[in-house]
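Each remark here refers to the structure printed beneath this line.
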Protein chains: 2
Amino acid sequence: MKARLTIGRLAEAAGVGVETVRFYQRCGLLTEPERPASGYREYCPADVQRIRFIKRAQSLGFNLDDIAGLLKLDGPQTCSLTHDLALNKLNLVEDKIAALASIRDALRQMVRQCELKHQRGTCPIIESLVRDKNERLL
Amino acid sequence: MKARLTIGRLAEAAGVGVETVRFYQRCGLLTEPERPASGYREYCPADVQRIRFIKRAQSLGFNLDDIAGLLKLDGPQTCSLTHDLALNKLNLVEDKIAALASIRDALRQMVRQCELKHQRGTCPIIESLVRDKNERLL
DNA sequence: CTTGACTCCGTACCTATGTACGGAGATTAC
DNA sequence: GTAATCTCCGTACATAGGTACGGAGTCAAG
């Protein structure tokens with residue numbers, strides 16, 4: 001089954017707007033699709049997957065440049081090159097996790113403080129942000 | 001000690017740019033300071049704290065609107081609102097960490113596969129990306 | 001075959017968070 | 001007192017990631 005899609009159907013299937021598809025194409029995240037006589041773009045179902053992939057990666061904090069890199073992993077390149085790209089991305093992800101973990105810890109502490117002693121006049125969250133306590137945490 | 005500051009000294013003390021101070025003022029994050037005959041803004045040391053507060057809150061993932069809210073909440077009776085705001089942010093951060101951890105695991109596995117058997121013709125990373133495995137991995 | 005929905009294109013606009021510019025006036029240092 | 005520095009203001013620009021517009025061509029249902 002061939003199931004070619006117009007831009008509107010593709011957008012709908014992928015859960016984005018038509019303009020977003022055009023935008024991704026301008027950015028090179030989607031390759032220029034077939035164009036029959038009408039000039040209308042003809043997409044294939046794999047493009048739906050590709051857009052969903054983009055959206056998932058995005059929701060995890062990758063920007064469109066990152067994603068372009070990830071998508072290039074799916075290409076005719078040598079194994080060591082893809083290995084290096086993946087490894088590099090892995091390091092970035094690990095750094096990002098570490099940064100988020102320290103933010104998480106700071107937030108946890110603030111929330112806990114607040115639950116423990118919110119009866120005493122001032123709010124510990126505000127307090128902790130006003131003083132320089134987190135300086136080291138972050 | 002009164003220690004009134006010009007905008008430049010304030011910015012320096014708080015570790016931001018002069019334009020950033022003016023910007024925060026336009027946004028209402030800093031109240032319009034005194035203006036002697038010269039027309040130059042005269043800040044007080046508390047404003048340094050206020051800017052640091054903004055910057056720290058920002059690093060925890062609050063945006064300037066959130067922060068304006070926090071600054072308005074700095075009173076005795078509003079602790080539970082602040083608590084909820086922080087808790088909410090904490091949940092978002094935890095979700096993001098979990099999602100990144102699963103990406104990290106997927107990338108780790110890909111890298112390891114590649115290192116184990118990259119001498120055999122095809123690249124396992126490319127293989128795994130060409131198929132729709134990412135669907136589940138990500 | 002008509003009508004309405006869809007698509008084309010380039011370009012302008014949007015939010016968030018600042019940064020930079022430029023010319024005039026104030027202040028400070030020597 | 002003069003030169004260097006600082007500050008004033010409004011406005012424009014920067015970046016990422018879209019979103020909207022408008023007029024013209026195309027497709028599909030009835």
ask   = Minimum heavy-atom separation for A/Ile97 to B/Ile97, with atom names?
value = CG2-CG2, 4.4 Å
Given atom [atom1] of [X] and atom [atom2] of [N], what is their separation to the nearest angstrom?
X	N	atom1	atom2	value
A/Asn63	D/dG17	CG	C1'	10 Å
B/Glu12	D/dT7	CD	P	10 Å
B/Glu19	D/dC8	CD	C1'	11 Å
B/Glu42	D/dC6	CD	P	17 Å
A/Phe23	D/dG17	CZ	C1'	5 Å
A/Leu5	D/dC27	CG	C1'	16 Å
B/Arg26	C/dA16	CZ	P	14 Å
A/Arg4	D/dA28	CZ	C1'	20 Å

So, is [X] near the phosphate of [N], with a side-chain N or O under 4.0 Å from OP1 or OP2?
X	N	result
A/Thr6	C/dT7	yes
B/Tyr24	C/dG18	yes
A/Arg35	C/dC9	yes
A/Gln58	D/dA16	no
A/Arg22	C/dC8	no
A/Arg9	D/dA28	no

Let's see if you can work this out: which of [options] has an atom nearest to the side-chain heavy atoms of [X]?
X	options	result
A/Tyr40	C/dC8, D/dG17, D/dT7	C/dC8
B/Ser38	C/dA26, D/dG17, D/dT7	C/dA26
B/Arg41	D/dT11, C/dT17, D/dC8	D/dC8
A/Ile7	C/dG25, D/dT19, C/dT7	C/dT7

Under 3.5 Å: donor-acceptor pair, side chain of B/Asp95, backbone of B/Leu92 = no
key: Main-chain N/O of A/Glu42 paired to A/Arg4 side chain as donor or acceptor, under 3.5 Å   =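 Checked: pair present.
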task = Identify, between B/Gly39 and B/Lys55, the residue whose nearest nucleotide on DNA chain C lies closer to the 5' end.
result =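 Closest to the 5' end, via its nearest nucleotide, is B/Lys55.
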task = State, yes or no, whether a side-chain contact exists between A/Arg41 and A/Thr6 at a heavy-atom distance under 4.5 Å.
result = no
CD/B/Glu32: more than 12 non-hydrogen atoms of other groups inside 6.0 Å =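 Yes, enclosed.
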